[in-house]
Amino acid sequence: MRSLLDLPPEDVTLDGLAAALDSAGDEDDRWEAKGGDHLRAEHVFRPVAGLANRAGGLLVLGANRRADGAWSLDGTRFSAEPGTWIGRVIRDNLRPPPPTRLAVFEVAAGRHVALVRVERHPSHLSVTSDGRVLVREQGSTEPIDDGAELTRVIRARSGTGAAAPLDPAAGPDELADAALGAIEHGGEARLRSFIAGLQGRLPRAAEFAPQAELDAEMDRLSAVSACLAQAVPESPVTAFALAAHHRAFDAAAIMRPIPAGHPNLDLERALLRNTRALGALLVRLELWPLVRKLVDHDAPDPKPIPAG
Amino acid sequence: MTYIGVEEARALGRPPNAETLRHPVRSARATAERVAALRPDGADEHQILDAVLVFDLLANLIELDRAARAGRRGEVSPDFVAFGAAAHPPWVSRILSDDALRDALLPGRSADEAAALLASLDSQVRRASHAFGTFWDGIADRQTSERLAAATRTR
């Protein structure tokens, strides 16, 4: 079916569609098929929304899958003229309706096959009339039931973060947005390098900078870690960000007091404060494996609690 | 964690006390209030404080688990003791009943093993409470406390 993705539907013939289905195999994130004798509105607007809210794709109406796995263009009976009915279903059930193009083929008396090419809306997600945001994922169309996923999809649609640089002087929250943009645009390696830089600046800030600067550096690391934990909890870059806290603890453990103060304690205190704040977020989001990861660290020089 | 507060108090010539424990917890709450990325769920100050206290409990529990696996006696840093135990009982109960949660926090531990770790933590928290002059009424509700006690007796 991928071969049809770049063709206007009006250039696709029934034979061409049948040939594409012959080698199509299972439905995936870019195409879906619906068959049966009578299609309901939801058989149209759900897959159209799911495709539009990802990368766009093709919906074939009137295709049935046989027991041997092959697709058959048996057609279906539409309750009205197919093109009119499909257009109305999309317009009546999706806000805003995504751009679509359509080809209709009559395969038998009163039975039609329709090929709907669904474009990704240039600016907006398409929401169903009952308020659901559907997405096509792993061959299935499902509503988004996770706020973090919804944020990701919205940001990807609006382009937020794409142009935001990973500026080491940016504020923590601005930096969190930039980190999300980097993840969405495949910048994991750049992000790892940036996180390593943030972590490396902490001991220097503790030794040579005012407390406010150490706090700001610490907040940057926490904000980036929090953003990654929420958006991509299972990503290696999230584990790397959490482990950056451990590496900073290790650095603090080998620092020594100086005549002007205790930079080791300053750094440890800032780390503990922000680790707790980050851990509290992980608790509220119930990201238990990350709670374990955040705590799971062998300190290089364990120090016992003084008695009494 | 407590070590840092104690050492800091000594460095500044102050005797360690309950305030030594409270300050870092409050400081964590203030950080979450300051950095929006640390409260994307819109949590208010009470929800943040409760979550900090629960995280502290879990961090200490994980530390005891790590110590037990390494064959050493675990040292805990229960700064949460200075705030009482109101936030903890539902979570202690859930650690014992929610297999997925327990397996993520304490991989491979049965509910009984988790109960024994919680009982050990409760005992150490009680000692810390005496040392710092705070009041501690237990880590769990009455029913769960009985289960923790039973887990201790069988070990």
For [X], is it the side chain, the backbone, both or neither that has a heavy atom under 4.5 Å from a heavy atom of chain B?
X        : answer
A:Pro289 : both
A:Ala176 : side chain
A:Leu282 : neither

Between [X] and chain A, which part of the residue has a heavy atom less than 4.5 Å away: side chain, backbone, both or neither?
X        : answer
B:Arg102 : neither
B:Leu101 : both
B:Asp65  : side chain
B:Leu53  : neither

Once you round to the nearest 0.5 Å, how far does OG1 of A:Thr238 lie from CG of A:Leu294?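 Rounded to the nearest 0.5 Å, the OG1-CG separation comes to 12.0 Å.
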Please identify, among B:Arg34, B:Glu63, B:Arg127, the residue contributing the most non-hydrogen atom pairs under 4.5 Å to chain A. B:Arg34
Decide side chain to side chain donor-acceptor pair (under 3.5 Å) for B:Thr144 and B:Asp141; before the verdict, give the C-alpha distance in whole Å, the side-chain angles of both, and the deciding distance to 0.1 Å. CA-CA 5 Å; B:Thr144 310; B:Asp141 56 41; 2.6 Å; yes
Aromatic plane relationship, B:Phe80 with B:His88 - under 30° parallel, 30 to 60° tilted, over 60° perpendicular: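 Correct class here is perpendicular.
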What are the two closest heavy atoms between A:Glu268 and A:Phe249, and how far apart are they?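 Heavy-atom minimum between the residues: O-CE2, 4.2 Å.
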Looking just at side-chain N and O atoms, do B:Ser110 and B:Asp112 make a donor-acceptor pair shorter than 3.5 Å?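 The criterion, which ignores hydrogens and geometry beyond distance, is not satisfied for B:Asp112 and B:Ser110.
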Please check if any side-chain donor atom of A:Asp250 sits under 3.5 Å from a side-chain acceptor atom of A:His297, or the reverse. yes
